[in-house]
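Read the structure below first, then the notes.
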Amino acid sequence: MKKHSLQSSSSAPRRAGKPLILISPDFQSKGVEFSDASMSLSSRYPTAITACGGIPVVMAHTDSRDLVADYVRNADGVLLTGGDDINPDIYGPKLSSSLKSKAVMTEDGGRRDLFELLLVDEVFRQRKPLLAICRGHQVLNVALGGTLIVDIPTQKPSRINHRQMDRKCEVVHSVRLTRGSLLSKIAKTKMLGVNSTHHQAVGTVAPGLQVVAQSADGVAEGMELKGNGLLPFLLSVQFHPERLMDQHAEHRGIFEAFIQASLTERTQNL
């Protein structure tokens, strides 16, 4: 009978195959098992990654930069997901207390905020493909020096209802795409129908980013890097393509393009 070695395989060479995609989950103070602190993640994210040819790996939140660096080093791409609001003290310490009170923050006392800021920094340091969705879209902007609209109804009243929680898997409004942008090339259209489940939005756009998708009321619905070369792939969107991809090829295309970029990253680093 063959004996299995208990030695670490960390020195073994990486093999060709499907790209590994790190997924940053949300946090719950009381999970289903034992009602203790737990990670939380919609199954639609890993399902989308798997359907488009990747292998999803859910990350554990940590405040250790070394551990975050190890996670990213062993990944071929990183996915930032949706969730609760970022602590406004991080990007708007001078905002009024009444406005700050509109933010519904993660139940972990800000640990997810700090973890994901570290994660974005490490993604840029190691130059890995990045797809950021909803909260992730906002985290990216804050991480690179931008700000957020804390509450759209308060700060930017609009005829568009951006928080349609009862229609999470439906197209509820359209966004205009910038000609020649990565997102427009993926979607192959000038106008893209999207779902909408947010009450916050990008405020001041971070240096180095540019808005490539915008709703009729001016909300930034998609961003990319200015110029090329910083990352092999970067796309952030305010909407949730993982909830629309089964019925809309252009939303599936977002994941396909991300996985292809991650596969290229994997192949180049074998």
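Every heavy atom of this structure was used, including side-chain atoms; hydrogens, water molecules and symmetry mates were not.
- Looking at Asp26, Thr106, Asp84 one by one, the single match for side-chain hydrogen bond (donor to acceptor under 3.5 Å, both in side chains) with Arg112 turns out to be Asp26.
- Tyr45 OH to Ile23 CD1: the interatomic distance, rounded to the nearest 0.5 Å, is 9.5 Å.
- Across every non-hydrogen atom of Asp113 and Asp85, the tightest pair is OD1-O, 4.2 Å.
- Atom CG in Leu20 sits 9.5 Å away from atom OG in Ser262 (nearest 0.5 Å).
- The CD atom of Gln238 sits 12.5 Å away from atom CD of Gln214, with the distance rounded to the nearest 0.5 Å.
- Atom-to-atom distance recorded for Ser236:OG and Glu224:CD is 8.5 Å, nearest 0.5 angstrom.
- Side-chain contact between Val194 and His173: present, with at least one pair of heavy atoms (C-beta onward) separated by less than 4.5 Å.
- Summarising the geometry, atom CD belonging to Glu221 is positioned 10.5 Å from atom CG belonging to Leu177; distances are rounded to the nearest 0.5 Å.
- The minimum heavy-atom distance linking Val123 with Leu231 is given by the pair O-CD2, 3.6 Å.
- Counting only distance, with no hydrogens or angles, the side chain of Thr47 and the backbone of Arg44 share no donor-acceptor pair below 3.5 Å.
- In terms of heavy atoms, Phe233 sits closest to Ile254 at CZ-O, 4.5 Å.
- Here CG of Leu225 is found 6.0 Å from CG of Leu209. Values are rounded to the nearest 0.5 Å.
- Across all their heavy atoms, Phe115 and Ser24 have their closest contact at CE2-OG, 3.5 Å.
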Requested in this report: For side-chain hydrogen bond (donor to acceptor under 3.5 Å, both in side chains), just list the numbers for Asp66 and Ser64, CA-CA rounded to whole Å, side-chain angles, deciding distance to a tenth of an Å, and then say yes or no.
Outcome: CA-CA 5 Å; Asp66 288 342; Ser64 167; 5.2 Å; no
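- Within a 6.0 Å radius of NZ in Lys100, other residues, nucleotides and ligands contribute more than 12 heavy atoms.
- Note on Leu119 and Val142: same hydrophobic cluster, where clusters join Ile, Leu, Val, Met, Phe, Trp and Tyr whose side-chain heavy atoms are under 4.5 Å apart, directly or indirectly.
- Partners of His198 under the ring pair (Phe, Tyr, Trp, His ring centres under 6.0 Å) rule, at least two apart in sequence or in another chain, are His162.
- In this structure, Tyr71 is a member of the same hydrophobic cluster as Val78, with clusters built from ILVMFWY side-chain heavy atoms closer than 4.5 Å.
- Leu67 and Leu114 fall into different hydrophobic clusters, where Ile, Leu, Val, Met, Phe, Trp and Tyr are joined by side-chain heavy atoms under 4.5 Å apart, directly or via other members.
- In this structure, Glu122 pairs ionically with Arg65, as a charged nitrogen and a carboxylate oxygen lie closer than 4.0 Å.
- Using a 30° and 60° split on the angle between ring planes, His251 and Phe239 fall in the perpendicular class, above 60°.
- The two residues Val58 and Pro25 make their nearest non-hydrogen contact at CG1-CG, 3.8 Å.
- In terms of hydrophobic clustering, with Ile, Leu, Val, Met, Phe, Trp and Tyr side chains grouped at heavy-atom distances under 4.5 Å, Tyr91 and Val120 are assigned to a common cluster.
- Of all heavy-atom pairs spanning Arg111 and His61, the tightest one is NH2-O, 3.9 Å.
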